[in-house]
Amino acid sequence: MAGSDQELTALASEDAPAGVLVREGVYGDKITTVEPGGAEFIPLHERHGRPLQLFWTWTSPNLEFATIFVGVLAVAVFGLNLWQALLAIVVGTAAGSVSQAVLSARGPVFGVPQMVLSRLGFGYWGNILPAGLNSITAGIGWFAVNSVSGAFALNTLTHMPKALCLIIIVAAQIAIAFFGHNLVHAFERYAFPALAVIFVIATVVILAKSHPGFEPTAPPFVGGKVGGFLLTTGAVFGYAAGWNPYAADYTRYLPPKVSKAAVGFWAGFGVFVSCVILEFAGAASATLASNPSDTPTAAFTSHLPTAVADLTLLAIAVGAVCANVLNIYSGAMSFVAIGIKLPLALRRAIVALVAGVIGFIVALTGLNDAGTRYENFLLIIAYWIAPWLAVVLCDQFLYRNRDLAVTEAMLFNRRHTNWAGPVAMAVGMGLSIWLFSNQTEYVGIVPTHVPAVGDITFEVGFVITAVIYLTWHAIARSGAGSRASTAKAS
């Protein structure tokens with residue numbers, strides 16, 4: 001993971017604890033400097049920022065069409081009315097936002113990315129499972145999804161070829177992510193006011209034109225309202241919780257003594273407000289008639305006055321960039337957190353560049369049939385994030401009183417193992433998908449026979465994983481206690 005010239009710190013200092021890899025280079029708060037290093041500890045003299053910045057960092061990336069389309073799915077695909085959709089949106093988003101707050105609060109304390117913190121629950125090498133999945137789903141999957149929505153918006157606005165629009169969007173995203181942490185935060189901050197104003201206006205117009213009493217005459221989902229509600233909740237949670245594996249990436253530069261409550265609140269609140277408002281706007285737009293031949297973005301903006309529609313299309317394109325600079329940055333961060341040694345001072349930046357190119361190629365294939373691909377992708381995201389989250393939260397709870405110095409040293413110890421994490425996650429994912437998955441590519445055993453259950457894969461995956469992880473550690477502790485008692489008696 002680290003450059004070949006780096007070694008674990010032998011002694012604690014005023015700038016770094018003992019037993020960690022310290023990020024090399026000078027960075028500070030410079031915006032136009034390429035962030036050096038990879039997924040190492042951020043030395044204290046490099047710390048800067050304040051919790052409030054997390055509000056726009058987590059609001060701006062959700063002010064885009066991918067968020068709107070989640071709400072569209074609730075009505076147009078899962079067959080809910082507007083108020084049922086709103087309830088599912090609030091419930092699912094709240095769950096993903098609370099976990100975002102909890103995880104974000106740990107960043108300033110430990111000064112490392114989220115997927116390095118994940119090593120506590122998975123062990124150094126066991127962490128390859130979630131870190132590898134996140135590098136693919138974030139740096140390539142989410143990157144492709146959002147690039148397509150941005151390209152659609154730019155195509156509708158300018159009538160340039162979709163492929164050219166995609167190239168423009170991707171080039172902007174890669175450039176910002178390449179420079180790194182400070183430019184990412186700055187871009188989200190300056191994009192926020194314009195995006196917020198435009199999307200608030202668009203949402204008000206859509207809500208004014210919507211039909212609150214609209215009831216789909218023949219819900220496309222065979223499970224009916226209950227199944228549709230559960231599917232929507234899962235998709236909404238998957239969207240909000242999709243940011244969870246990135247949480248500490250954007251708080252690790254904050255000073256360690258900053259208020260944890262403030263960090264958690266602004267991070268979670270930014271996700272919650274932006275997702276609920278735009279997803280509700282999407283659900284409302286689905287109650288209006290549209291041209292079936294329109295792209296998803298064109299269908300949404302067709303209900304707006306021309307000037308507002310053009311501004312909204314521009315905002316969708318910019319919002320896609322806001323989302324994807326986080327996706328590609330954290331996808332690259334997850335890759336370098338896997339443990340592969342890359343003796344390059346700009347290893348994170350180079351990985352981001354390569355991931356962006358791969359994501360562009362994947363996005364090209366998604367310019368057709370984007371709706372179905374996006375629906376499946378949302379559900380698959382929740383399938384692995386929920387079990388990963390169960391391990392992370394359970395480990396954090398079990399060892400909440402563990403000495404900070406011991407915890408910090410474990411993060412970079414290649415001999416640190418915790419096989420309860422990857423085993424519990426793998427079993428939780430396998431069983432929950434096999435039994436409860438409900439999407440076009442695969443329908444599990446339960447929804448095949450009882451369609452009304454919808455898709456509760458993420459709930460079941462979370463519970464199964466948590467039970468296995470907690471049981472494993474309870475048995476391990478009991479065994480350790482018995483051996484200690486025997487040794488004492490002898």
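Please read these numbers as outputs of a predicted model, since none were measured by experiment.
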Taking [X] for its side chain and [Y] for its backbone only, find out whether a donor-acceptor pair lies under 3.5 Å.
{"X": "Ser104", "Y": "Ala248", "answer": "no"}
{"X": "Arg414", "Y": "His416", "answer": "no"}
{"X": "Ser334", "Y": "Ser330", "answer": "yes"}
{"X": "Asn146", "Y": "Ala66", "answer": "no"}
{"X": "Asn182", "Y": "Thr32", "answer": "no"}
{"X": "Ser60", "Y": "Trp56", "answer": "yes"}
{"X": "Ser13", "Y": "Ala16", "answer": "yes"}
{"X": "Thr9", "Y": "Gly19", "answer": "yes"}

Looking at [Y], I'd like to know if the NZ or CZ of [X] sits under 6.0 Å from its six-membered ring centre while staying within 45 degrees of the ring's axis.
{"X": "Arg47", "Y": "Phe41", "value": "yes"}
{"X": "Arg189", "Y": "Phe192", "value": "no"}
{"X": "Arg348", "Y": "Tyr27", "value": "no"}

Notebook entry, point to check: Sequence neighbours excluded, which residues qualify as salt bridge (Lys or Arg N to Asp or Glu O under 4.0 Å) partners of Arg402?
Noted result: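 With sequence neighbours excluded, Arg402 shows a salt bridge (Lys or Arg N to Asp or Glu O under 4.0 Å) to Asp395, given in chain and number order.
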Next item on the list: Using the test salt bridge (Lys or Arg N to Asp or Glu O under 4.0 Å), find all partners of Glu408 that sit at least two apart in sequence or belong to another chain.
Entry: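 Salt bridge (Lys or Arg N to Asp or Glu O under 4.0 Å) check on Glu408 returns nothing, list empty.
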Does either side chain, that of [X] or that of [Y], offer a donor lying less than 3.5 Å from an acceptor on the other one?
{"X": "Tyr469", "Y": "Asn418", "value": "yes"}
{"X": "His48", "Y": "Asp29", "value": "no"}
{"X": "Trp388", "Y": "Ser118", "value": "yes"}
{"X": "His181", "Y": "Asp249", "value": "no"}
{"X": "Tyr383", "Y": "Ser437", "value": "yes"}
{"X": "Tyr253", "Y": "Glu35", "value": "yes"}
{"X": "Gln100", "Y": "Asn244", "value": "yes"}
{"X": "Asn324", "Y": "Ser147", "value": "yes"}

Check: Is the OH atom of Tyr190 crowded by more than 12 outside heavy atoms at less than 6.0 Å?
Finding: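 For Tyr190, atom OH is not crowded (no more than 12 foreign heavy atoms under 6.0 Å).
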Notebook entry, point to check: Does CZ belonging to Arg400 count more than 12 external heavy atoms closer than 6.0 Å?
Noted result: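 Yes, the 6.0 Å shell around CZ holds more than 12 heavy atoms from other groups.
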Next item on the list: Check step by step if side chain to side chain contact (heavy atoms under 4.5 Å, CB included) holds for Ile174 and Leu353.
Entry: CA-CA 6 Å; Ile174 293 177; Leu353 178 62; 3.5 Å; yes
Next item on the list: Tell me, with the steps shown, if Leu133 and Met425 meet side chain to side chain contact (heavy atoms under 4.5 Å, CB included).
Entry: CA-CA 12 Å; Leu133 282 171; Met425 179 177 171; 3.7 Å; yes
Note to self: Walk me through whether Val34 and Phe178 qualify under side chain to side chain contact (heavy atoms under 4.5 Å, CB included).
What the structure shows: CA-CA 7 Å; Val34 178; Phe178 181 82; 3.8 Å; yes
Next item on the list: Taking the side chain as every heavy atom from C-beta outward, state whether Thr67 and Tyr239 have any atom pair closer than 4.5 Å.
Entry: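 A side-chain contact under 4.5 Å exists here.
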Next item on the list: Begin from the C-alpha positions of Arg347 and Glu40 and carry the test salt bridge (charged side-chain N to carboxylate O under 4.0 Å, His left out) through to its verdict.
Entry: CA-CA 11 Å; Arg347 51 194 168 275; Glu40 300 82 30; 3.0 Å; yes
Working to the nearest 0.5 angstrom, can you tell me the gap between [X] [atom1] and [Y] [atom2]?
{"X": "Glu64", "Y": "Phe199", "atom1": "CD", "atom2": "CZ", "answer": "8.0 Å"}
{"X": "Leu230", "Y": "Phe458", "atom1": "CG", "atom2": "CZ", "answer": "8.5 Å"}
{"X": "Ser274", "Y": "Phe55", "atom1": "OG", "atom2": "CZ", "answer": "7.5 Å"}

Item checked: Verdict with reasoning, Leu326 to Tyr329, per side chain to side chain contact (heavy atoms under 4.5 Å, CB included) -> CA-CA 5 Å; Leu326 300 188; Tyr329 178 87; 5.8 Å; no
Checklist line | Parallel, tilted or perpendicular, as decided by the 30° and 60° cut-offs, for the rings of Tyr246 and Tyr250 | finding: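 Tilted, since the angle between the ring planes falls between 30° and 60°.
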